[in-house]
Amino acid sequence: MASNFGKTIEVSTFGASHGYAIGGIVEGLPCGHTIDIDELKAFLKRRAPGQNQLTTQRKEADVPEFLAGIVDGMLSGSPLAFMIRNTSQHSSDYNNLRDIPRPSHADFTARMRYGDKVDMRGGGHFSARLTAPLCVAGGIALQLLREKGIEIHGHLKQVGIIQDAPIDMVHPAMKALANIAAEPIAMVDPEKRTEVENLVMKLKKDGDSTGGIVEVVATGLPIGLGNPNFDGIENRLARVIFGVPAIKGVSFGGGFDMCAKLGSEVNDAFTMNDDKITTTTNNSGGIQGGITNGLPLVMQVGIKPTPSIYKEQHSVSLSQKEDTLLTIQGRHDPCVALRAVPVIEAVTALVILDFLGDIDHELR
Ligand SMILES: Cc1cc2nc3c(=O)[nH]c(=O)nc-3n(C[C@H](O)[C@H](O)[C@H](O)COP(=O)(O)O)c2cc1C
Ligand SMILES: C=C(O[C@@H]1CC(C(=O)O)=C[C@@H](OP(=O)(O)O)[C@H]1O)C(=O)O
(Lines give C-alpha, C1' and ligand atoms only; values in the text may rest on other atoms or scores of the structure.)
(Ligands and ions follow the chains in the order given, each with its own letter.)
Protein backbone atom coordinates (compact mmCIF):
# COMPACT_ATOMS: atom_id res chain seq x y z
CA MET A 1 0.00 0.00 0.00
CA ALA A 2 2.37 2.72 -1.22
CA SER A 3 1.33 6.06 0.31
CA ASN A 4 3.58 8.77 -1.05
CA PHE A 5 3.67 11.71 -3.44
CA GLY A 6 5.77 14.71 -4.40
CA LYS A 7 8.95 15.37 -6.36
CA THR A 8 10.83 18.10 -4.49
CA ILE A 9 8.69 17.85 -1.35
CA GLU A 10 8.16 14.14 -0.81
CA VAL A 11 5.38 13.16 1.58
CA SER A 12 4.50 9.71 2.85
CA THR A 13 1.89 8.73 5.41
CA PHE A 14 1.61 5.57 7.48
CA GLY A 15 -0.68 3.88 9.99
CA ALA A 16 -4.26 2.73 10.31
CA SER A 17 -7.37 4.06 12.01
CA HIS A 18 -7.32 1.47 14.80
CA GLY A 19 -3.58 0.78 14.93
CA TYR A 20 -1.14 2.16 17.50
CA ALA A 21 -0.45 5.40 15.64
CA ILE A 22 -0.58 7.23 12.35
CA GLY A 23 2.08 9.57 11.03
CA GLY A 24 4.16 10.86 8.20
CA ILE A 25 7.59 11.64 6.77
CA VAL A 26 8.24 14.79 4.75
CA GLU A 27 11.49 15.19 2.81
CA GLY A 28 12.73 18.34 1.07
CA LEU A 29 11.55 20.98 3.55
CA PRO A 30 13.90 23.98 3.69
CA CYS A 31 16.30 24.33 6.66
CA GLY A 32 16.01 27.15 9.18
CA HIS A 33 12.33 28.13 9.05
CA THR A 34 10.51 28.50 12.35
CA ILE A 35 7.15 26.74 12.50
CA ASP A 36 4.41 28.27 14.67
CA ILE A 37 3.38 25.10 16.51
CA ASP A 38 0.31 26.74 18.11
CA GLU A 39 -0.94 27.78 14.68
CA LEU A 40 -0.30 24.25 13.42
CA LYS A 41 -2.28 22.79 16.34
CA ALA A 42 -5.18 25.16 15.62
CA PHE A 43 -5.11 24.04 11.98
CA LEU A 44 -5.19 20.36 12.99
CA LYS A 45 -8.14 21.03 15.31
CA ARG A 46 -10.23 22.15 12.31
CA ARG A 47 -10.01 18.58 10.95
CA ALA A 48 -9.83 16.59 14.18
CA PRO A 49 -12.75 14.22 14.88
CA GLY A 50 -15.24 14.80 17.70
CA GLN A 51 -14.95 18.58 17.94
CA ASN A 52 -18.71 19.17 17.81
CA GLN A 53 -22.09 17.46 17.36
CA LEU A 54 -21.90 17.64 13.55
CA THR A 55 -19.00 15.19 13.17
CA THR A 56 -18.03 11.65 14.16
CA GLN A 57 -18.14 11.34 17.95
CA ARG A 58 -14.73 9.65 18.06
CA LYS A 59 -12.56 12.10 19.98
CA GLU A 60 -8.86 12.31 19.19
CA ALA A 61 -6.58 15.14 20.32
CA ASP A 62 -4.51 14.82 17.11
CA VAL A 63 -1.39 16.38 18.58
CA PRO A 64 1.67 15.36 16.54
CA GLU A 65 4.84 14.13 18.24
CA PHE A 66 7.82 15.21 16.16
CA LEU A 67 10.50 12.53 16.05
CA ALA A 68 13.00 14.23 13.72
CA GLY A 69 13.48 17.22 11.42
CA ILE A 70 12.45 19.99 13.80
CA VAL A 71 14.56 21.43 16.61
CA ASP A 72 13.14 24.05 19.01
CA GLY A 73 10.35 24.74 16.52
CA MET A 74 12.77 25.23 13.60
CA LEU A 75 13.01 22.98 10.54
CA SER A 76 16.45 21.36 10.55
CA GLY A 77 16.50 20.38 6.86
CA SER A 78 16.61 16.63 7.54
CA PRO A 79 13.53 14.49 6.86
CA LEU A 80 10.65 15.51 9.13
CA ALA A 81 9.12 12.53 10.91
CA PHE A 82 6.10 12.63 13.21
CA MET A 83 3.43 10.43 14.66
CA ILE A 84 -0.03 10.88 16.18
CA ARG A 85 -1.11 8.20 18.66
CA ASN A 86 -4.59 6.69 18.25
CA THR A 87 -6.39 6.83 21.59
CA SER A 88 -10.07 6.08 20.97
CA GLN A 89 -10.47 2.93 18.89
CA HIS A 90 -13.71 0.94 19.28
CA SER A 91 -12.60 -1.96 17.12
CA SER A 92 -15.42 -4.36 18.03
CA ASP A 93 -17.80 -2.05 16.11
CA TYR A 94 -16.20 -3.48 12.97
CA ASN A 95 -16.51 -7.23 13.78
CA ASN A 96 -19.51 -7.91 11.50
CA LEU A 97 -17.85 -6.04 8.62
CA ARG A 98 -15.15 -8.73 8.33
CA ASP A 99 -17.75 -10.84 6.53
CA ILE A 100 -20.25 -8.25 5.31
CA PRO A 101 -18.70 -5.30 3.46
CA ARG A 102 -20.19 -1.84 3.90
CA PRO A 103 -21.70 -0.52 0.67
CA SER A 104 -19.43 2.10 -0.91
CA HIS A 105 -16.63 1.89 1.70
CA ALA A 106 -13.33 0.16 0.85
CA ASP A 107 -14.11 -3.05 2.83
CA PHE A 108 -14.86 -5.15 -0.27
CA THR A 109 -12.13 -3.88 -2.60
CA ALA A 110 -9.46 -4.00 0.13
CA ARG A 111 -10.26 -7.67 0.77
CA MET A 112 -10.24 -8.50 -2.93
CA ARG A 113 -6.90 -6.73 -3.35
CA TYR A 114 -5.07 -7.76 -0.15
CA GLY A 115 -6.95 -10.78 1.19
CA ASP A 116 -8.57 -11.63 4.52
CA LYS A 117 -5.73 -10.43 6.74
CA VAL A 118 -6.07 -6.78 5.74
CA ASP A 119 -6.79 -4.54 8.77
CA MET A 120 -10.01 -2.71 7.91
CA ARG A 121 -11.04 -1.78 11.46
CA GLY A 122 -12.18 1.84 11.24
CA GLY A 123 -11.33 1.71 7.54
CA GLY A 124 -7.70 0.72 8.30
CA HIS A 125 -5.16 2.47 6.09
CA PHE A 126 -8.01 3.59 3.81
CA SER A 127 -9.56 5.62 6.64
CA ALA A 128 -9.84 9.39 6.65
CA ARG A 129 -7.86 9.15 9.89
CA LEU A 130 -4.88 9.22 7.50
CA THR A 131 -5.79 12.80 6.55
CA ALA A 132 -4.45 13.94 9.95
CA PRO A 133 -0.80 13.42 8.91
CA LEU A 134 -1.62 15.14 5.60
CA CYS A 135 -2.75 18.15 7.64
CA VAL A 136 0.46 18.15 9.71
CA ALA A 137 2.58 18.25 6.53
CA GLY A 138 0.17 20.64 4.80
CA GLY A 139 -0.14 22.93 7.83
CA ILE A 140 3.64 23.39 7.72
CA ALA A 141 3.51 23.94 3.94
CA LEU A 142 0.82 26.63 4.42
CA GLN A 143 3.12 28.53 6.81
CA LEU A 144 6.08 28.29 4.40
CA LEU A 145 3.95 29.47 1.47
CA ARG A 146 2.65 32.46 3.45
CA GLU A 147 6.29 33.61 3.88
CA LYS A 148 6.34 33.77 0.07
CA GLY A 149 3.08 35.74 -0.16
CA ILE A 150 0.95 32.72 -1.15
CA GLU A 151 -2.36 32.34 0.71
CA ILE A 152 -4.67 29.31 0.49
CA HIS A 153 -8.19 29.26 1.91
CA GLY A 154 -11.24 27.09 1.34
CA HIS A 155 -14.95 27.04 2.02
CA LEU A 156 -17.88 24.69 1.69
CA LYS A 157 -19.29 25.68 -1.68
CA GLN A 158 -22.17 23.25 -1.21
CA VAL A 159 -23.57 20.74 1.30
CA GLY A 160 -26.42 18.62 -0.02
CA ILE A 161 -28.25 21.15 -2.18
CA ILE A 162 -27.46 24.12 0.08
CA GLN A 163 -25.04 26.51 -1.63
CA ASP A 164 -22.76 29.12 -0.04
CA ALA A 165 -22.45 32.62 -1.53
CA PRO A 166 -20.35 32.41 -4.72
CA ILE A 167 -16.76 33.66 -4.56
CA ASP A 168 -15.29 36.27 -6.92
CA MET A 169 -12.70 34.24 -8.86
CA VAL A 170 -10.71 37.32 -9.98
CA HIS A 171 -10.65 39.18 -6.65
CA PRO A 172 -11.54 36.56 -4.03
CA ALA A 173 -12.28 37.89 -0.54
CA MET A 174 -9.44 35.96 1.11
CA LYS A 175 -9.97 37.67 4.48
CA ALA A 176 -13.60 36.53 4.56
CA LEU A 177 -12.49 32.98 3.77
CA ALA A 178 -9.78 33.12 6.45
CA ASN A 179 -12.34 34.36 8.99
CA ILE A 180 -14.66 31.36 8.52
CA ALA A 181 -11.84 28.82 8.86
CA ALA A 182 -12.62 28.07 12.50
CA GLU A 183 -16.39 27.73 11.91
CA PRO A 184 -17.67 24.13 12.20
CA ILE A 185 -19.44 24.84 8.89
CA ALA A 186 -17.01 26.83 6.75
CA MET A 187 -19.53 28.83 4.75
CA VAL A 188 -19.33 32.59 4.21
CA ASP A 189 -23.12 33.09 4.39
CA PRO A 190 -24.25 32.71 8.05
CA GLU A 191 -27.84 31.85 7.02
CA LYS A 192 -26.56 28.94 4.94
CA ARG A 193 -24.49 27.79 7.91
CA THR A 194 -27.70 27.52 9.95
CA GLU A 195 -29.45 25.64 7.12
CA VAL A 196 -26.55 23.18 6.90
CA GLU A 197 -26.49 22.69 10.66
CA ASN A 198 -30.20 21.81 10.62
CA LEU A 199 -29.71 19.44 7.68
CA VAL A 200 -26.76 17.63 9.26
CA MET A 201 -28.53 17.27 12.63
CA LYS A 202 -31.55 15.80 10.81
CA LEU A 203 -29.36 13.36 8.86
CA LYS A 204 -27.71 12.33 12.11
CA LYS A 205 -31.14 11.59 13.62
CA ASP A 206 -32.21 9.69 10.47
CA GLY A 207 -28.96 7.67 10.31
CA ASP A 208 -28.21 8.98 6.83
CA SER A 209 -25.50 11.12 5.19
CA THR A 210 -24.92 13.68 2.46
CA GLY A 211 -22.09 14.95 0.27
CA GLY A 212 -20.77 18.36 -0.65
CA ILE A 213 -18.30 20.46 -2.60
CA VAL A 214 -15.20 22.06 -1.11
CA GLU A 215 -13.80 25.03 -3.01
CA VAL A 216 -10.22 26.18 -2.45
CA VAL A 217 -8.54 29.38 -3.63
CA ALA A 218 -4.79 30.09 -3.77
CA THR A 219 -3.55 33.66 -4.34
CA GLY A 220 -0.06 35.10 -4.81
CA LEU A 221 1.16 32.32 -7.11
CA PRO A 222 3.91 33.33 -9.52
CA ILE A 223 3.09 33.26 -13.25
CA GLY A 224 4.66 30.29 -15.03
CA LEU A 225 4.52 27.57 -12.38
CA GLY A 226 3.76 24.10 -13.75
CA ASN A 227 4.29 22.01 -16.86
CA PRO A 228 2.34 21.02 -19.96
CA ASN A 229 0.73 17.68 -20.72
CA PHE A 230 1.12 15.09 -17.95
CA ASP A 231 2.78 17.01 -15.12
CA GLY A 232 0.75 20.21 -14.91
CA ILE A 233 -0.75 21.94 -11.90
CA GLU A 234 -4.12 20.22 -12.43
CA ASN A 235 -2.45 16.83 -12.88
CA ARG A 236 -0.45 16.83 -9.66
CA LEU A 237 -3.28 18.37 -7.66
CA ALA A 238 -5.78 15.80 -8.90
CA ARG A 239 -3.44 12.89 -8.17
CA VAL A 240 -3.03 13.89 -4.55
CA ILE A 241 -6.59 15.09 -4.00
CA PHE A 242 -7.93 11.72 -5.14
CA GLY A 243 -5.79 10.27 -2.33
CA VAL A 244 -8.21 11.89 0.13
CA PRO A 245 -11.01 9.42 0.88
CA ALA A 246 -14.52 10.13 -0.48
CA ILE A 247 -13.38 12.48 -3.28
CA LYS A 248 -15.23 11.78 -6.52
CA GLY A 249 -14.42 14.81 -8.66
CA VAL A 250 -12.08 17.76 -9.13
CA SER A 251 -12.74 20.78 -11.33
CA PHE A 252 -11.05 24.13 -11.85
CA GLY A 253 -12.39 27.66 -12.34
CA GLY A 254 -15.70 27.54 -14.23
CA GLY A 255 -15.52 23.73 -14.05
CA PHE A 256 -18.38 21.62 -15.38
CA ASP A 257 -20.76 24.61 -15.44
CA MET A 258 -18.66 25.95 -18.33
CA CYS A 259 -19.12 22.90 -20.54
CA ALA A 260 -22.58 23.90 -21.81
CA LYS A 261 -21.57 27.50 -22.51
CA LEU A 262 -20.13 29.32 -25.53
CA GLY A 263 -16.46 30.24 -25.93
CA SER A 264 -17.55 33.85 -26.27
CA GLU A 265 -19.19 33.57 -22.85
CA VAL A 266 -16.36 31.93 -20.91
CA ASN A 267 -13.03 32.84 -22.56
CA ASP A 268 -10.86 34.85 -20.16
CA ALA A 269 -10.11 38.07 -22.08
CA PHE A 270 -6.64 39.51 -21.54
CA THR A 271 -6.27 43.11 -20.40
CA MET A 272 -3.56 45.41 -19.03
CA ASN A 273 -3.81 46.38 -15.35
CA ASP A 274 -1.14 49.12 -14.99
CA ASP A 275 1.93 47.28 -16.29
CA LYS A 276 0.61 43.79 -15.54
CA ILE A 277 -1.07 41.39 -17.98
CA THR A 278 -4.20 39.96 -16.42
CA THR A 279 -7.64 38.67 -17.46
CA THR A 280 -11.08 40.16 -16.81
CA THR A 281 -12.61 36.81 -15.81
CA ASN A 282 -11.07 33.66 -14.35
CA ASN A 283 -12.97 30.70 -15.75
CA SER A 284 -9.59 28.98 -16.25
CA GLY A 285 -9.14 28.91 -12.46
CA GLY A 286 -5.68 30.45 -12.79
CA ILE A 287 -4.30 27.60 -14.93
CA GLN A 288 -3.83 27.39 -18.71
CA GLY A 289 -1.90 24.56 -20.33
CA GLY A 290 -1.05 23.17 -16.90
CA ILE A 291 0.78 26.42 -15.99
CA THR A 292 -0.27 29.23 -13.64
CA ASN A 293 -1.26 32.52 -15.29
CA GLY A 294 -1.08 34.73 -12.19
CA LEU A 295 -4.84 34.76 -11.50
CA PRO A 296 -6.08 33.03 -8.33
CA LEU A 297 -6.04 29.24 -8.54
CA VAL A 298 -9.64 28.16 -7.95
CA MET A 299 -10.54 24.50 -7.55
CA GLN A 300 -13.71 22.61 -6.62
CA VAL A 301 -13.59 19.16 -5.02
CA GLY A 302 -16.68 16.92 -5.10
CA ILE A 303 -17.18 14.76 -2.02
CA LYS A 304 -19.62 11.86 -1.84
CA PRO A 305 -21.98 11.17 1.08
CA THR A 306 -20.38 9.25 3.97
CA PRO A 307 -20.70 5.54 3.11
CA SER A 308 -21.18 4.40 6.74
CA ILE A 309 -24.83 5.14 7.45
CA TYR A 310 -26.97 3.65 10.20
CA LYS A 311 -29.96 2.77 8.03
CA GLU A 312 -30.29 -0.92 7.20
CA GLN A 313 -28.59 -1.63 3.86
CA HIS A 314 -28.30 -4.46 1.36
CA SER A 315 -24.95 -6.24 1.19
CA VAL A 316 -23.60 -9.80 0.87
CA SER A 317 -21.98 -12.31 3.20
CA LEU A 318 -18.53 -13.04 1.75
CA SER A 319 -18.36 -16.44 3.49
CA GLN A 320 -21.91 -17.58 2.68
CA LYS A 321 -21.98 -15.98 -0.76
CA GLU A 322 -25.56 -14.81 -0.25
CA ASP A 323 -27.44 -11.56 -0.04
CA THR A 324 -27.94 -10.23 3.46
CA LEU A 325 -28.90 -7.08 5.34
CA LEU A 326 -26.32 -4.97 7.16
CA THR A 327 -26.67 -2.64 10.11
CA ILE A 328 -23.43 -0.93 11.09
CA GLN A 329 -22.06 0.50 14.32
CA GLY A 330 -19.19 2.91 14.81
CA ARG A 331 -18.91 6.68 15.05
CA HIS A 332 -19.30 8.34 11.69
CA ASP A 333 -19.53 11.78 10.10
CA PRO A 334 -23.01 12.54 8.70
CA CYS A 335 -21.22 14.73 6.13
CA VAL A 336 -17.49 14.26 5.64
CA ALA A 337 -17.23 17.46 3.55
CA LEU A 338 -17.43 19.51 6.77
CA ARG A 339 -14.06 18.23 7.99
CA ALA A 340 -12.54 18.02 4.52
CA VAL A 341 -11.97 21.77 4.04
CA PRO A 342 -8.61 21.94 5.90
CA VAL A 343 -7.56 18.66 4.27
CA ILE A 344 -7.99 20.10 0.77
CA GLU A 345 -6.19 23.29 1.83
CA ALA A 346 -3.33 21.13 3.19
CA VAL A 347 -3.01 19.04 0.05
CA THR A 348 -3.13 22.13 -2.18
CA ALA A 349 -0.33 23.72 -0.14
CA LEU A 350 1.85 20.60 -0.41
CA VAL A 351 1.42 20.39 -4.19
CA ILE A 352 2.17 24.10 -4.69
CA LEU A 353 5.24 23.87 -2.45
CA ASP A 354 6.33 20.86 -4.49
CA PHE A 355 6.05 22.92 -7.71
CA LEU A 356 7.95 25.84 -6.15
CA GLY A 357 10.79 23.38 -5.55
CA ASP A 358 11.11 23.07 -9.35
CA ILE A 359 12.14 26.73 -9.56
CA ASP A 360 13.28 27.63 -6.02
CA HIS A 361 16.76 26.34 -5.17
CA GLU A 362 16.20 26.84 -1.45
CA LEU A 363 13.60 24.09 -1.56
CA ARG A 364 15.86 21.58 -3.30
C1 LIG B 1 -12.66 14.11 6.63
C2 LIG B 1 -13.26 12.78 6.25
C3 LIG B 1 -14.00 12.05 7.18
C4 LIG B 1 -14.57 10.83 6.85
N5 LIG B 1 -15.32 10.19 7.78
C6 LIG B 1 -15.93 9.03 7.45
C7 LIG B 1 -16.73 8.34 8.39
O8 LIG B 1 -16.92 8.77 9.52
N9 LIG B 1 -17.30 7.17 7.99
C10 LIG B 1 -17.14 6.67 6.74
O11 LIG B 1 -17.69 5.62 6.42
N12 LIG B 1 -16.41 7.31 5.83
C13 LIG B 1 -15.79 8.46 6.15
N14 LIG B 1 -15.00 9.09 5.21
C15 LIG B 1 -14.92 8.52 3.85
C16 LIG B 1 -14.26 7.15 3.76
O17 LIG B 1 -12.99 7.12 4.38
C18 LIG B 1 -14.15 6.72 2.30
O19 LIG B 1 -15.40 6.84 1.67
C20 LIG B 1 -13.66 5.28 2.16
O21 LIG B 1 -12.31 5.19 2.63
C22 LIG B 1 -13.71 4.74 0.74
O23 LIG B 1 -12.94 5.54 -0.12
P24 LIG B 1 -13.59 6.27 -1.40
O25 LIG B 1 -14.87 6.88 -0.94
O26 LIG B 1 -12.55 7.28 -1.80
O27 LIG B 1 -13.82 5.21 -2.43
C28 LIG B 1 -14.40 10.30 5.54
C29 LIG B 1 -13.67 11.04 4.59
C30 LIG B 1 -13.11 12.25 4.93
C31 LIG B 1 -12.33 13.04 3.89
C1 LIG C 1 -11.03 8.93 13.16
C2 LIG C 1 -11.32 9.76 12.18
O3 LIG C 1 -12.42 9.62 11.35
C4 LIG C 1 -12.90 8.33 11.07
C5 LIG C 1 -12.94 8.20 9.57
C6 LIG C 1 -13.66 6.99 9.15
C7 LIG C 1 -13.49 6.54 7.76
O8 LIG C 1 -14.05 5.48 7.41
O9 LIG C 1 -12.82 7.22 6.97
C10 LIG C 1 -14.53 6.33 9.99
C11 LIG C 1 -14.68 6.67 11.42
O12 LIG C 1 -13.79 5.85 12.12
P13 LIG C 1 -14.13 5.10 13.49
O14 LIG C 1 -15.41 4.38 13.26
O15 LIG C 1 -12.99 4.19 13.72
O16 LIG C 1 -14.20 6.16 14.51
C17 LIG C 1 -14.30 8.14 11.65
O18 LIG C 1 -14.33 8.44 13.00
C19 LIG C 1 -10.48 10.93 11.86
O20 LIG C 1 -10.79 11.60 10.89
O21 LIG C 1 -9.50 11.16 12.59
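Atoms within each ligand, like the ligands themselves, are counted from 1 in listed order. Just so you know, these numbers use all the heavy atoms, side chains as well, and skip hydrogens, waters and symmetry mates.
Looking at atom 18 (O) of ligand 2, its nearest protein heavy atom turns out to be T56 OG1, 3.0 Å. For atom 1 (C) of ligand 2, the nearest non-hydrogen atom of the protein is R129 CD, 3.5 Å. Nearest protein neighbour of atom 22 (C) of ligand 1, counting heavy atoms only, is A106 N, 3.9 Å. Looking from atom 10 (C) of ligand 2 to the surrounding protein, the closest heavy atom is H332 ND1, 3.8 Å. Taking atom 27 (O) of ligand 1 as the reference point, the nearest protein heavy-atom neighbour is K304 NZ, 3.6 Å. Closest to atom 16 (O) of ligand 2, if we only count protein heavy atoms, is R58 CD, 3.0 Å. Taking atom 20 (C) of ligand 1 as the reference point, the nearest protein heavy-atom neighbour is H105 CE1, 3.4 Å. Here the heavy atom of the protein found nearest to atom 12 (O) of ligand 2 is Y94 OH, 3.6 Å.
Counting heavy atoms closer than 4.0 Å to ligand 1, residue R47 contributes nothing at all.
For ligand 2, the polar-atom distance check finds no N/O of R102 at less than 3.5 Å from any of the ligand's N/O atoms. The shortest N or O to N or O distance between T56 and ligand 1 is not under 3.5 Å. The shortest N/O to N/O separation between D333 and ligand 2 does not fall below 3.5 Å. At under 3.5 Å, a nitrogen or oxygen of F126, whether backbone or side chain, sits near a nitrogen or oxygen of ligand 1. Residue A128 has at least one nitrogen or oxygen atom sitting less than 3.5 Å from a nitrogen or oxygen atom of ligand 2, judged on distance alone.
In the vicinity of H105, heavy-atom distances shorter than 4.0 Å reach the ligand 2 atoms 7 (C), 8 (O). The S17 neighbourhood of ligand 2 comprises atoms 15 (O), with distances under 4.0 Å to a heavy atom of that residue. Counting the atoms of ligand 1 from 1 in the order shown, those under 4.0 Å from a heavy atom of R339 are 1 (C), 3 (C). Residue H332 has at least one heavy-atom neighbour below 4.0 Å for each of these atoms of ligand 1: 7 (C), 8 (O), 9 (N), 10 (C), 11 (O).
Taking each of A16, G123, S127 in turn, the one with a heavy atom nearest to atom 7 (C) of ligand 2 proves to be S127. For atom 19 (O) of ligand 1, the choice among S308, P245, P307 with the nearest heavy atom turns out to be P307. The nearest non-hydrogen atom to atom 15 (O) of ligand 2, considering only H18, R121, Q57, comes from H18. By heavy-atom distance, the residue among V336, I247, L134 lying nearest atom 13 (C) of ligand 1 is V336. The nearest non-hydrogen atom to atom 3 (C) of ligand 1, considering only P49, A246, A128, comes from A128. For atom 5 (N) of ligand 1, the nearest non-hydrogen atom from the set D333, D107, L338 belongs to D333. For atom 2 (C) of ligand 2, the nearest non-hydrogen atom from the set R331, E60, R339, H90 comes from R339.
At least one heavy atom of T306 sits less than 4.0 Å from an atom of ligand 1. For the ligand labelled ligand 2, residue F126 lies outside the 4.0 Å heavy-atom shell. Within the structure, the closest approach of G122 to ligand 2 falls below 4.0 Å when heavy atoms are considered.
Of the candidates R121, R113, R102, D107 forms a salt bridge (charged side-chain N to carboxylate O under 4.0 Å, His left out) with just one, namely R102. Exactly one residue among Q51, K45, R129 makes a side chain to side chain donor-acceptor pair (under 3.5 Å) with D62. That residue is R129.
Aromatic ring orientation, Y310 versus H332: tilted (interplanar angle from 30° to 60°).
Between R111 and D99, none of the side-chain N atoms (NZ, or NE/NH1/NH2) sits under 4.0 Å from a carboxylate O, so this pair counts as no salt bridge.
Here the shortest heavy-atom pairing between F43 and P342 reads CZ-O, 3.3 Å. Across all non-hydrogen atoms, the minimal contact from A48 to E60 is CB-O, 4.0 Å.
Linking ILVMFWY residues whenever their side-chain heavy atoms come closer than 4.5 Å, directly or via other members, leaves V298 and L142 in distinct clusters.
Around the CZ atom of R98, the shell of radius 6.0 Å holds no more than 12 heavy atoms that belong to other residues, nucleotides or ligands. Summarising the local packing, CG of L325 is surrounded by more than 12 heavy atoms from other residues, nucleotides or ligands at distances under 6.0 Å.
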Inset, instruction - Verify salt bridge (charged side-chain N to carboxylate O under 4.0 Å, His left out) between D274 and K276, making sure each step is shown before the conclusion. - result: CA-CA 6 Å; D274 296 330; K276 282 198 183 131; over 6 Å; no

Inset, instruction - Apply side-chain hydrogen bond (donor to acceptor under 3.5 Å, both in side chains) to N273 and T278, showing your working. - result: CA-CA 7 Å; N273 181 4; T278 185; 5.7 Å; no

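Geometrically, R236 engages F355 in a cation-pi contact defined by less than 6.0 Å to the ring centre and at most 45° from the axis.
With 3.5 Å as the limit, one finds no donor-acceptor pair spanning the side chains of R339 and T131.
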